[in-house]
Amino acid sequence: MAKSRNTAFFCKECGFESAKWMGQCPACREWNTFVEEPVGKSEGPSGKIRPLQKARPARLSEISIDERDRDSTGYKELDRVLGGGVVAGSLVLVGGDPGIGKSTLLLQVCRNLAASGKKVLYISGEESLKQIKLRANRIGQVSGELLFLCETSLDGIQETIMEIKPDVVIIDSIQTMYREEICAAPGSVSQVRESTNLLMQIAKGSGVTIFIVGHVTKEGVVAGPRVLEHMVDTVLYFEGDRHASYRILRGVKNRFGSTNEIGVFEMREQGLTEVENPSEFMLEGRPENASGAVVACAMEGTRPILLEVQALVTQSNLGIPRRTAAGTDYNRVNLLMAVLEKRCHYEMSRYDAYVNIAGGMRMNEPALDLAIVLALVSSLKDKPVDEKTIVFGEVGLSGEVRAVSMAEQRVNEAVKLGFTRCILPQICLNKMKATDKIKLTGVRNVREAISEL
Ligand code: TYD
Ligand code: MG
């Protein structure tokens with residue numbers, strides 16, 4: 001195959017193309033992101049793209065929308081993140097660390113879709129058919145029309161799709177796919193970009209729903225250019241702690257619904273199962289009567305999740321005390337300690353402090369502030385907080401407790417899980433209806449909250 005020997009430099013972040021290497025990308029301002037890749041089309045036999053059907057302009061009134069265009073994936077948790085089910089002809093990117101369960105999730109979705117009468121084609125560029133079979137055995141019975149293919153050439157894949165006309169296609173993973181006419185190696189910026197481009201044409205042209213698996217880099221972005229995220233309709237991230245069994249599916253971009261929804265799954269022996277009540281899950285195995293532990297209520301989209309905030313405050317032997325924050329924002333913890341020092345006159349600078357969100361969940365919502373403050377004080381004084389109490393509220397720099405959104409949903413969640421008392425911002429309390437199911441204590445500032453302990 002004759003290939004032109006030219007190369008160009010591409011930004012790994014945004015796909016910007018340049019003739020020479022540059023330290024900083026002029027488009028996205030990231031440093032040291034340029035990689036050299038061959039450019040130009042190879043003149044192989046399959047160098048030409050087959051044109052898809054020619055599109056015709058249409059009036060709005062001629063376009064029919066059908067609610068049945070959304071298909072359930074068989075998982076309520078996933079349907080919610082997708083905005084109510086998958087839309088036919090959409091392109092969905094599922095990103096996540098290696099080994100988090102992307103292939104498992106999609107295989108289970110395939111099983112459900114095939115069982116509901118869809119024709120599904122699962123294309124793997126990473127695993128052999130035997131490996132897929134082993135995994136399928138673990139997730140249980142497969143019925144209906146579910147086909148598997150091991151292939152990495154997208155031109156071949158395009159032909160197969162045209163030939164067998166599936167309803168749903170899974171591409172596992174985009175980094176292993178290549179187009180023959182691009183000289184660069186699979187996984188490179190130009191390959192990933194062109195491959196996604198072709199998949200988008202296939203999805204939009206023939207109405208096939210395509211799920212793409214994408215690996216993420218250390219920094220937590222999908223490897224390959226960010227243009228990948230621009231091209232697809234929906235971007236979902238599958239995240240979770242390696243050591244914890246739960247997994248969170250987060251919508252980052254969605255052309256068919258809101259992006260602030262999450263789905264919670266648990267990895268078990270037989271694959272992933274849905275977790276319908278994440279609060280219960282997060283509060284499992286809570287220590288009894290331990291100081292420095294406070295239950296907080298955070299929101300994930302429209303969903304309240306109760307979490308245990310833990311703090312350990314110990315005398316420091318160092319000139320600069322140690323502070324760590326696991327699962328929450330380190331700078332926020334520092335700020336809250338400064339508030340305690342200045343507004344409540346605790347000598348925090350003499351103590352090391354470790355803050356942790358139990359269960360491995362990551363949460364940066366300001367509504368956790370008050371719980372972090374109370375956990376710190378509880379640990380400092382070595383005084384346990386009543387375990388049937390939940391706390392939420394944002395803390396400002398003058399030590400005031402500020403209102404947070406959706407207070408009522410948070411309180412309802414606490415009632416549902418059997419909590420008997422809630423410490424919340426006074427402003428939120430003023431707007432709420434009285435209830436006798438739970439004792440509500442409004443606080444105006446951090447000092448009031450501490451005196452309520
Ligand atoms: P996988 O879906 O292969 O991850 P990805 O495609 O994101 O790289 O998930 C693999 C992990 O999941 C592996 O560590 C084993 C675990 N697993 C289970 O615990 N139970 C199961 O039933 C399956 C299929 C996998
Ligand atoms: Mg995989």
Side-chain angles (χ1 to χ4, degrees), residues 76-77 79-81 83-84 246 248-251 254 257-264 274-284 286 293-309 327-329 332 336 357-359 361-375 385-396 399-453:
K76 274 199 231 110
E77 298 288 313
D79 287 348
R80 177 155 14 84
V81 181
Y246 75 88
I248 293 178
L249 193 64
R250 203 181 285 279
N254 194 351
S258 100
T259 50
N260 49 18
E261 295 294 350
I262 62 160
V264 186
E274 297 176 271
V275 176
E276 268 164 37
N277 197 333
S279 298
E280 244 166 54
F281 196 77
M282 298 312 298
L283 294 180
E284 244 168 40
R286 203 145 56 92
V294 174
V295 179
C297 188
M299 298 297 291
E300 272 289 2
T302 53
R303 236 169 152 202
I305 295 186
L306 301 189
L307 300 163
E308 186 187 347
V309 177
T328 186
D329 184 14
R332 193 88 200 159
L336 294 171
I357 308 284
M361 187 92 134
R362 254 181 295 138
M363 195 66 80
N364 288 331
E365 212 202 342
L368 286 184
D369 288 356
L370 193 58
I372 295 175
V373 166
L374 293 186
V385 178
D386 170 40
E387 54 185 69
K388 290 275 170 220
T389 301
I390 85 143
V391 177
F392 62 87
E394 181 180 342
V395 173
E400 82 276 19
V401 174
R402 310 177 72 104
V404 297
S405 59
M406 296 190 255
E408 214 139 327
Q409 279 96 317
R410 295 178 207 252
V411 170
N412 290 343
E413 180 76 3
V415 172
K416 213 161 80 190
L417 282 144
F419 284 82
T420 53
R421 187 169 180 225
C422 176
I423 299 180
L424 71 167
Q426 181 68 44
I427 312 161
C428 291
L429 181 61
N430 294 344
K431 291 187 204 142
M432 276 173 64
K433 281 183 258 140
T435 166
D436 54 358
K437 294 195 195 107
I438 189 166
K439 187 170 166 238
L440 299 173
T441 313
V443 291
R444 279 182 208 86
N445 52 48
V446 174
R447 251 166 292 135
E448 273 182 37
I450 292 171
S451 68
E452 291 293 340
L453 282 188

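As a basis for the values below, the full set of heavy atoms in this structure was taken, side chains included, without hydrogen atoms, waters or symmetry mates.
- No donor-acceptor distance shorter than 3.5 angstrom exists from the side chain of Q409 to the backbone of P304, with no hydrogens or angles considered.
- Distance check, rounded to the nearest 0.5 Å: CG of N277 to CG of L306 gives 8.5 Å.
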Inset, instruction - Mind running side chain to side chain contact (heavy atoms under 4.5 Å, CB included) on M282 and M363 for me, showing each step along the way? - result: CA-CA 13 Å; M282 298 312 298; M363 195 66 80; over 6 Å; no

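- Across all non-hydrogen atoms, the minimal contact from F419 to E387 is CE2-O, 3.5 Å.
- By the side chain to side chain contact (heavy atoms under 4.5 Å, CB included) test, R250 pairs with E239, I248, I262, E300, sequence neighbours left out.
- Remark: of the listed residues L440, V294, L370, L370 is the sole one forming a side chain to side chain contact (heavy atoms under 4.5 Å, CB included) with I423.
- Residue pairs that meet the salt bridge (Lys or Arg N to Asp or Glu O under 4.0 Å) test with at least one member in residues 423-438, sequence neighbours left out, are E408-K433.
- Residues I390 and C297 share a closest heavy-atom pair of CD1-CB, 3.7 Å.
- Exactly one of V415, V404, L424 qualifies for a side chain to side chain contact (heavy atoms under 4.5 Å, CB included) with R410. That residue is V404.
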Inset, instruction - Go through the steps to decide whether K416 and N412 satisfy the test side chain to side chain contact (heavy atoms under 4.5 Å, CB included), and finish with yes or no. - result: CA-CA 6 Å; K416 213 161 80 190; N412 290 343; over 6 Å; no

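- Taking each heavy atom of V401 and G393 in turn, the nearest pair found is CG1-CA, 4.3 Å.
- Rounded to the nearest 0.5 Å, atoms CD (E448) and CD (E400) are 12.0 Å apart.
- For R80, the side chain to side chain contact (heavy atoms under 4.5 Å, CB included) partners at least two apart in sequence or on another chain are E77, E261, R303.
- No more than 12 heavy atoms of other residues, nucleotides or ligands sit less than 6.0 Å from atom CZ of R402.
- With T259 contributing its side chain and G251 its backbone, the two residues share no donor-acceptor pair below 3.5 Å.
- Other residues, nucleotides and ligands contribute only 12 or fewer heavy atoms inside 6.0 Å of the CZ atom of R362.
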Inset, instruction - Please report the C-alpha distance between E308 and L283 in whole Å, then the side-chain angles of each, then the deciding distance to 0.1 Å, and finally whether the side chain to side chain contact (heavy atoms under 4.5 Å, CB included) criterion is met. - result: CA-CA 7 Å; E308 186 187 347; L283 294 180; 4.3 Å; yes

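- You'll find the side chain of M361 reaches within 4.5 Å of the side chain of Y246, heavy atoms only.
- In this structure, the side chains of T441 and T389 stay at 4.5 Å or more apart for every pair of heavy atoms.
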Legend entry - side chain to side chain contact (heavy atoms under 4.5 Å, CB included) evaluation trace for N364 with R332: CA-CA 9 Å; N364 288 331; R332 193 88 200 159; over 6 Å; no

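- Contact record, A296 with L368: CB-CD2, 3.4 Å, taken as the closest heavy-atom pair.
- Listed here is the closest heavy atom pair of V309 and A371: CG2-CB, 4.1 Å.
- Between C422 and I438, the shortest heavy-atom distance links the atoms CB-CD1, 4.0 Å.
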